[in-house]
Amino acid sequence: MTTQELANRYYDLFKQRQVAEIYEQLYSVDIVCTEPEHALAMGVPTITRGIEAVLAKSKARQEIIAEVHSFFSSEPVVGGSYFSLAMGRDMTLKNGQRLQLAEIAVFGVKDDKIITETFFY
C-alpha cells in the first residue's frame, strides 16, 4: 500500500468515525505518538509508545466525552512517506464543558503501517 492509499483509507475510516478500525488496520504495533508540551496540563502525555498505550490513551479520552456535536477532517496531504490532516471536533465533556478542538496531525508511514503520529494544537 502506498502512503497515498494508506492516507485515503485513514480519511475514509475517520469520516465514518471508525477509529477502532484505524488503529487495528493501519497502525504499527510500535507506533510512537507525540503531543505538544501543553498537553501535559490536560493530563495527556507528550510521548506515547506502542499500540497498547496509544489505545489506552484514546480510551481514556473517549471516557470523558459526553457528546460529540460535530467533527471534521480535511482530505490528506501526502509528502513522501508522510501524510497530514487538519481535524477537529466540537464536543461536550461529562463535566459539562463545551470544547472545540482543531489540530494538524502528521503521520509517518513505513512498511504499510503508521509508525508515528504527531499532533499540533
Side-chain angles (χ1 to χ4, degrees):
M1 182 174 349
T2 68
T3 300
Q4 184 68 60
E5 291 167 337
L6 193 145
N8 291 344
R9 181 73 177 138
Y10 185 104
Y11 177 66
D12 290 341
L13 289 170
F14 187 84
K15 286 190 308 185
Q16 298 170 41
R17 299 178 77 165
Q18 295 180 341
V19 176
E21 288 81 359
I22 290 172
Y23 289 130
E24 182 181 302
Q25 296 175 20
L26 305 179
Y27 277 49
S28 166
V29 296
D30 299 318
I31 181 74
V32 176
C33 175
T34 305
E35 304 269 357
E37 285 294 319
H38 65 266
L40 285 172
M42 298 181 290
V44 178
T46 56
I47 304 287
T48 306
R49 296 180 190 277
I51 191 65
E52 295 302 323
V54 168
L55 290 171
K57 180 177 74 168
S58 177
K59 182 180 179 186
R61 279 186 168 175
Q62 293 303 314
E63 289 177 351
I64 66 169
I65 299 171
E67 181 179 359
V68 175
H69 307 289
S70 64
F71 71 100
F72 73 88
S73 172
S74 68
E75 291 191 22
V77 174
V78 175
S81 60
Y82 293 88
F83 72 94
S84 64
L85 300 163
M87 53 178 53
R89 58 186 155 176
D90 176 13
M91 61 192 153
T92 299
L93 304 180
K94 288 183 179 175
N95 67 7
Q97 178 186 6
R98 182 92 179 239
L99 189 60
Q100 292 85 33
L101 294 177
E103 61 191 331
I104 299 290
V106 178
F107 302 91
V109 176
K110 183 178 179 185
D111 298 327
D112 299 331
K113 296 289 184 183
I114 296 171
I115 60 166
T116 61
E117 62 180 357
T118 305
F119 296 104
F120 301 92
Y121 51 89

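In this text the structure is predicted, and so the values were computed from the model without any measurement. The analysis underlying the following values was restricted to heavy atoms, covering all of them including side chains, and did not include hydrogens, waters or symmetry mates.
With a 6.0 Å radius and a threshold of 12 heavy atoms from other residues, nucleotides or ligands, K94 has its NZ atom above the threshold. The local environment of CZ in R49 is sparse, with at most 12 non-hydrogen atoms from other residues, nucleotides or ligands closer than 6.0 Å.
When side chains are defined from C-beta on, F83 does not count as touching Y11, because their heavy atoms never get closer than 4.5 Å. Using a 4.5 Å cut-off on side-chain heavy atoms (C-beta onward), L85 and F107 make contact. Side-chain contact between V19 and Q62 is absent, with no heavy atoms from C-beta onward closer than 4.5 Å. Residues Y23 and S58 form a side-chain contact, since some pair of their non-hydrogen atoms from C-beta on lies under 4.5 Å apart. Two residues are said to be in side-chain contact when any heavy atoms from C-beta on lie closer than 4.5 Å; L93 and I65 meet this criterion.
Within the model, atoms CZ of R9 and CD of Q18 stand 7.5 Å from one another, a figure rounded to the nearest 0.5 Å. Separation of atoms CE (M91) and CD (E67) is listed at 12.0 Å; rounding is to 0.5 Å. In this structure, the separation between CG on L26 and CD1 on I115 is 13.5 Å, given to the nearest 0.5 Å.
The minimum heavy-atom distance linking I104 with A86 is given by the pair CD1-CB, 3.8 Å. P45 and T48 get closest at one heavy-atom pair: CG-OG1, 3.6 Å. Pairing each heavy atom of I114 with each of I31, the nearest pair is O-CD1, 3.5 Å. Shown here for A7 and V78, the closest heavy-atom pair between the two residues is CB-CG2, 4.0 Å.
Note: the hydrophobic cluster containing I47 does not contain V29 (ILVMFWY, side chain heavy atoms under 4.5 Å, direct or indirect links). There is no path of hydrophobic side-chain contacts, each under 4.5 Å, that joins M87 to V106. Neither I51 nor F119 shares a network with the other; the hydrophobic side chains, linked directly or stepwise wherever heavy atoms of I, L, V, M, F, W or Y lie under 4.5 Å apart, form separate groups for each. By the criterion of side-chain heavy atoms lying less than 4.5 angstrom apart, applied directly or through intervening Ile, Leu, Val, Met, Phe, Trp or Tyr residues, L101 is not grouped with V44; the two fall into different hydrophobic clusters. Linking Ile, Leu, Val, Met, Phe, Trp and Tyr residues whenever their side-chain heavy atoms come within less than 4.5 Å leaves L55 and V32 in two separate clusters.
Pairs engaging residues 107-118 under the side-chain hydrogen bond (donor to acceptor under 3.5 Å, both in side chains) rule: Y27-E117 [sequence neighbours left out]. Residues in residues 32-53 take part in these ring pair (Phe, Tyr, Trp, His ring centres under 6.0 Å) pairs, two or more places apart or across chains: H38-Y121. Applying the side-chain hydrogen bond (donor to acceptor under 3.5 Å, both in side chains) rule to pairs touching residues 72-82 yields nothing, sequence neighbours excluded. Sorted by first then second residue, the salt bridge (charged side-chain N to carboxylate O under 4.0 Å, His left out) pairs that include residues 19-38, not counting sequence neighbours, are E35-K57, E35-R61.
A donor-acceptor contact under 3.5 angstrom links the side chains of Q4 and N8, judged on distance only.
The hydrophobic side chain of V77 is isolated, with no ILVMFWY side chain under 4.5 Å apart from it. Cluster partners of F72 are absent, since no Ile, Leu, Val, Met, Phe, Trp or Tyr has side-chain heavy atoms less than 4.5 Å from it.
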